[in-house]
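Below is one structure, written out as structure tokens; comments come after it.
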Amino acid sequence: MKASTHKTACILCSLNCGLEVETKDKAIVSVKGDKDHPVSKGYLCQKAARLDYYQNNPNRITKPLKRNVAGGFDEISWDQAISEVAQKLLSLKTSQGGHSLAYYGGGGQGNHMGGAHSGTLRGAMGTRYLYNSLAQEKTGGFWVNGKLFGRQTCHPSEDIEHSDYLLIIGTNPWQSHGFPRARKELTAISKDPARTMVVVDPRRTGTAKRGDIYWSIKPGTDAQLMIAMIAIMIQEELFNKEFLAEHCVGFDQVQLHFGKINIDEMIDITGLDKDSVRKVTRDFCKAKAGCVRTDLGLEHSINSTLNTYLSKLLFLLPGHFGKKGTTNLHTSLVPLIGHSREPDSGAYKTKVTGMHEISKFFPPNILPLEIDTDHPERVRGVVVDSGNPLVTAADTQAYEAAFKKLELLVVIDVALTETAKLAHYVLPVATQFEKWEATFFNLEFPENFFHLRRPLFDAPDTVLTEPEIYRRIAVAMGALPERFPILEQVAKLDRRFPKLKLFPIALAATLKRKPHWKQMLPIILHQTMGKLLPDGANVGAVLWGSSHMYVNEYGNEAVEAAGVENKGQGIGEALFEKIMGSPSGTFISKHQYEDSFQFIKHKDSKIHLAIDELFTEIQNLKPYQSSTEFPYLLMAGERRSYNANTIIRNEAWRKLDPDGCLKIHPSDAAREGVKTGDEAWLETARGHLKITLSVTDEINAGVLSLPHGYGLSHPGKADEKDGAAVKMGPLINSLTDSLHCDPIAKTPFHKHIPARLRAS
Ligand SMILES: Nc1nc2c(c(=O)[nH]1)N[C@H]1C(S)=C(S)[C@@H](COP(=O)(O)OP(=O)(O)OC[C@H]3O[C@@H](n4cnc5c(=O)[nH]c(N)nc54)[C@H](O)[C@@H]3O)O[C@H]1N2
Ligand SMILES: Nc1nc2c(c(=O)[nH]1)N[C@H]1C(S)=C(S)[C@@H](COP(=O)(O)OP(=O)(O)OC[C@H]3O[C@@H](n4cnc5c(=O)[nH]c(N)nc54)[C@H](O)[C@@H]3O)O[C@H]1N2
Ligand code: SF4
Ligand SMILES: [Mo]
């Protein structure tokens with residue numbers, strides 16, 4: 001077959017850069033940046049070049065599998081798979097209650113359509129247990145956002161492109177991105193003498209090398225650094241009085257807590273230069289457009305939730321908010337997260353550990369504890385979609401033990417993953433290039449965008465999409481009818497006469513009669529309006545509902561300003577049509593910077609600066625004392641040029657670093673008597689791994705770093721156990737412990753793991 005060119009997006013990180021790919025037969029043969037993508041504008045990083053290693057993957061599964069008594073898998077029909085899974089879910093729900101069932105995942109870096117339709121499955125299961133990777137990194141920050149801005153759904157977006165003073169703390173966008181066109185933006189800032197970039201990291205990263213100022217901080221002391229900076233702002237009165245008076249409450253309490261901090265003592269803990277910290281703080285406050293960008297270096301370190309709070313006070317006190325080049329709140333077409341109540345005011349809590357829900361999620365760190373117990377209300381059945389917790393959640397051993405005790409484990413994936421290997425049923429899905437897909441990582445402001453991607457290939461006949469799997473299970477459980485004949489008829493009329501709003505009226509009447517279907521609305525849309533969308537784009541129907549809601553929430557003006565033309569069909573309808581008709585993605589709204597203040601959800605429309613729980617943490621803060629037993633601090637999960645979570649399972653994809661080396665400082669290597677290429681044992685209180693060393697002065701003495709996303713098994717390779725794992729790189733979560741996590745959000749302290757080396 002001749003090669004043909006198509007628009008799609010990269011699925012390897014949350015930026016989802018627009019791509020123009022050439023396909024031939026069943027393969028992606030070339031990859032270029034799509035200049036028409038509204039945000040990435042043709043930008044790409046090196047990881048996208050060989051995406052075919054995802055599409056054509058030797059671990060691919062295309063038939064439903066059922067575990068047999070010998071521990072292997074038998075291929076079964078979809079009818080058998082759906083009816084047995086439905087019957088087992090129903091039986092656990094009836095005998096033990098819906099809370100004996102949990103759902104894990106719902107989407108990765110490139111696919112959120114499954115998650116958007118998964119409420120139907122959870123509704124049928126009767127559970128609120130939604131475990132998700134976001135709750136092993138971002139939920140502490142979401143909880144803080146809820147306190148500051150009124151709802152956990154209020155999400156800040158950094159306008160790095162226009163900032164003139166950028167603090168980068170605990171992230172390496174040169175490798176991990178995290179904001180659009182990261183390398184281009186970092187290069188632009190580093191070349192512009194009028195703009196300043198300060199990078200705070202215990203490793204001299206690609207980002208640090210481009211910084212005007214690099215602070216080589218002692219790991220896990222960022223809280224002390226930020227407390228010192230906030231105290232400098234308070235004690236030297238560098239804060240923005242007008243901004244605080246107009247837009248914030250609770251500043252007096254912040255003043256009280258930080259006014260008495262001993263700044264020099266705090267800076268001493270971080271190992272940084274006092275004059276430099278003072279000067280940067282002053283310059284940052286004076287800057288026209290100051291911005292703070294953080295990520296896992298703060299969230300996966302000790303004081304995780306506190307760190308996210310402090311990093312927000314850093315930009316709020318000088319008033320670097322609601323303006324060009326600062327931080328703003330952004331809109332969401334389909335919100336990625338929800339809002340949950342506070343622990344002390346009716347939050348939903350898990351039955352075994354009593355963990356409270358945050359932004360509708362539960363943290364992967366507690367799931368093994370909720371399963372592996374005699375507690376009568378333990379979790380007994382789990383459905384995993386688009387996640388590989390055996391490898392990516394903390395504490396592989398705890399997960400393995402817990403998952404082996406489950407009465408039902410169902411894994412929905414494109415590949416036979418480590419988690420799938422433990423499942424009772426494995427349900428194969430179309431890859432992200434074989435179905436209509438999108439993510440809800442649309443975090444831009446003032447102009448936000450959306451990209452609905454078309455399939456590049458036909459899916460094999462024997463796989464389904466996630467929404468279709470959820471629908472079939474829910475129907476088999478008796479939670480939803482097979483068809484909605486009246487709504488289907490009305491949808492047909494509505495497509496011809498959208499102005500009459502016949503379908504919204506019929507839908508509202510249906511939901512009034514059956515309010516429990518609200519959670520299943522995306523599947524109802526998928527089965528009615530969705531059937532009328534061209535080229536099998538059923539999942540697009542959820543965007544029809546979202547487009548109307550988006551206009552209701554954010555107003556016509558901002559949507560029209562983004563170039564969405566109302567040609568008489570109504571602006572919500574016009575937005576939907578624009579999304580459906582834009583293969584490169586499209587802008588969906590354009591706001592004014594001041595609109596950011598309107599997105600604050602507190603009744604008084606102000607930012608509430610004081611968080612009592614975290615003031616208490618500050619008072620009790622103690623610096624980490626290293627132990628003689630485990631003298632190093634391991635940062636378990638570095639982003640490198642060839643890792644991308646566990647999305648690509650073929651090591652041939654990696655042009656560099658096939659072993660996923662452990663980085664170590666030359667002085668430590670000399671003391672240990674090791675050199676680059678040597679193997680050694682790395683030991684933590686939880687486990688040990690054989691690793692290959694890479695000696696580099698990029699990293700601080702006393703600190704070690706291993707990459708994320710390695711440790712996968714591969715056909716033809718021995719299943720990893722200890723030394724054999726080296727072949728596929730280190731399975732880092734065999735070194736981490738479920739209990740080593742944040743007290744509020746239970747996010748893991750992966751960047752702060754006491755460790756030691758032993759000669760191999
Ligand atoms: N190449 C690549 N890119 C990715 C991914 C990938 O797998 N590969 N994954 C994506 C995902 S899911 C995420 S969440 C993001 C994460 O993106 P990042 O958070 O940027 O990634 P990391 O490399 O894990 O950690 C960032 C930095 O934190 C530093 N750090 C460690 N401990 C400390 C500390 O105590 N203080 C400070 N200040 N810094 C510290 C590390 O040295 C590291 O440079 O990346 C995304 N992008
Ligand atoms: N120690 C340590 N652990 C970490 C981290 C760390 O830094 N250190 N980082 C953490 C972070 S930030 C994250 S985000 C997580 C990521 O970890 P996970 O949430 O587990 O996500 P992925 O590795 O992206 O795995 C996605 C799964 O989706 C499957 N998949 C791909 N396409 C599709 C599809 O279309 N449909 C379905 N159903 N499945 C599909 C893939 O085969 C893979 O099994 O890892 C976390 N784990
Ligand atoms: S991995 Fe690179 S190309 Fe792919 S979305 Fe992220 S930044 Fe873009
Ligand atoms: Mo992540």
Side-chain angles (χ1 to χ4, degrees), residues 11-15 45-47 54 57 59-60 104-111 113-114 132-134 136-138 168-178 199-208 215 217-222 225 293-303 307 364 384-394 411-420 427-435 437 465-466 469 633 635-649 663 698-700 703 705-709 712 732-733 735-736 748 750-753:
I11 58 159
L12 296 180
C13 88
S14 64
L15 273 304
C45 81
Q46 76 289 346
K47 294 194 293 301
Y54 163 78
N57 155 21
N59 289 101
R60 178 82 195 267
Y104 189 110
Q109 301 294 300
N111 60 319
M113 281 302 191
N132 186 280
S133 270
L134 278 171
Q136 47 84 75
E137 48 176 324
K138 303 278 176 278
I168 296 195
I169 315 179
T171 179
N172 178 20
W174 190 257
Q175 286 301 359
S176 66
H177 289 78
V199 182
V200 188
D201 200 302
R203 209 161 52 77
R204 196 178 180 84
T205 61
T207 309
W215 286 345
I217 192 167
K218 276 195 199 150
T221 65
D222 302 83
L225 169 65
R293 172 77 202 164
T294 70
D295 210 333
L296 298 181
L298 293 191
E299 292 160 357
H300 276 181
S301 189
I302 46 171
N303 313 309
N307 281 340
V384 178
D385 172 356
S386 298
N388 189 6
L390 249 284
V391 172
T392 58
V411 171
I412 302 171
D413 206 297
V414 295
L416 192 64
T417 64
E418 292 64 25
T419 309
L427 306 181
V429 284
T431 71
Q432 297 177 43
F433 299 120
E434 295 168 348
K435 61 192 171 204
E437 257 304 351
T465 62
E466 294 83 348
I469 293 175
L633 274 176
M635 308 196 290
E638 183 189 329
R639 269 65 189 165
R640 294 187 183 167
S641 44
Y642 284 97
N643 58 7
N645 294 354
T646 64
I647 306 165
I648 295 187
R649 301 185 58 85
K663 292 181 183 168
E698 150 193 325
I699 198 159
N700 279 5
V703 190
S705 179
L706 274 180
H708 166 57
L712 302 178
I732 47 176
N733 283 312
L735 300 173
T736 62
H750 285 327
K751 302 276 189 236
H752 202 89
I753 302 177

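Scope of the values below: all heavy atoms of this structure, side chains included, with no hydrogens, waters or symmetry mates. Note that ligands are numbered from 1 as they come in the structure, with each ligand's atoms numbered from 1 the same way. Bear in mind that the values here come from a model prediction, so they are computed numbers and not experimental data.
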Discussion item. Please report whether ligand 1 has a polar contact with V200, defined as an N or O pair separated by less than 3.5 Å (distance criterion only).
Written reply: yes

Practice prompt. Please write down residue, atom name and distance for the protein heavy atom closest to atom 46 (C) of ligand 1.
Written response: S176 O, 3.6 Å

Worksheet item: Taking the minimum heavy-atom distance to atom 6 (C) of ligand 1, which of H752, E698, R639 ranks first?
Response: R639

Worksheet item: Does ligand 1 have any atom that is closer than 4.0 Å to a heavy atom of G637?
Response: yes

Discussion item. With nothing but distance in play, are any N or O atoms of L296 less than 3.5 Å from an N or O of ligand 1?
Written reply: yes

Worksheet item: For H708 and ligand 1, does the shortest N/O to N/O distance drop below 3.5 Å?
Response: no

Practice prompt. Classify the contact between E466 and ligand 2 as side chain, backbone, both or neither, using a heavy-atom distance cut-off of under 4.0 Å.
Written response: side chain

Fill in: Protein heavy atom at shortest distance from atom 31 (C) of ligand 1
M635 SD, 3.1 Å

Practice prompt. Return yes or no for this condition: an N or O of N172 is under 3.5 Å from an N or O of ligand 1.
Written response: yes

Worksheet item: Has ligand 1 got any nitrogen or oxygen that is less than 3.5 angstrom from a nitrogen or oxygen of K218?
Response: no

Worksheet entry | Heavy atom of Q109, distance to ligand 1 below 4.0 Å | yes

Worksheet entry | Any N/O pair R203/ligand 1 closer than 3.5 Å | yes

Worksheet item: So which heavy atom in the protein is nearest atom 8 (N) of ligand 2, and how far is it from that ligand atom?
Response: A636 O, 2.7 Å

Discussion item. Polar contacts were defined as any N/O atom of the residue lying under 3.5 Å from an N/O atom of the ligand; does this apply to K751 and ligand 1?
Written reply: yes

Discussion item. Within the structure, is a non-hydrogen atom of G709 found at a distance of less than 4.0 Å from ligand 1?
Written reply: no

Worksheet item: So is there a nitrogen or oxygen of P219 less than 3.5 Å from a nitrogen or oxygen in ligand 1?
Response: no

Item to complete: Would you check the N or O atoms of D201, main chain and side chain alike, for any that come under 3.5 Å of an N or O of ligand 1?
Response: yes

Discussion item. Would N388 count as a polar contact of ligand 2, with the cut-off being nitrogen or oxygen pairs under 3.5 Å?
Written reply: yes

Worksheet item: Quick one: does E638 get an N or O within less than 3.5 Å of an N or O on ligand 1?
Response: no

Worksheet item: Which atoms of ligand 2 sit under 4.0 Å from any heavy atom of K435?
Response: 34 (C), 35 (O), 36 (N)

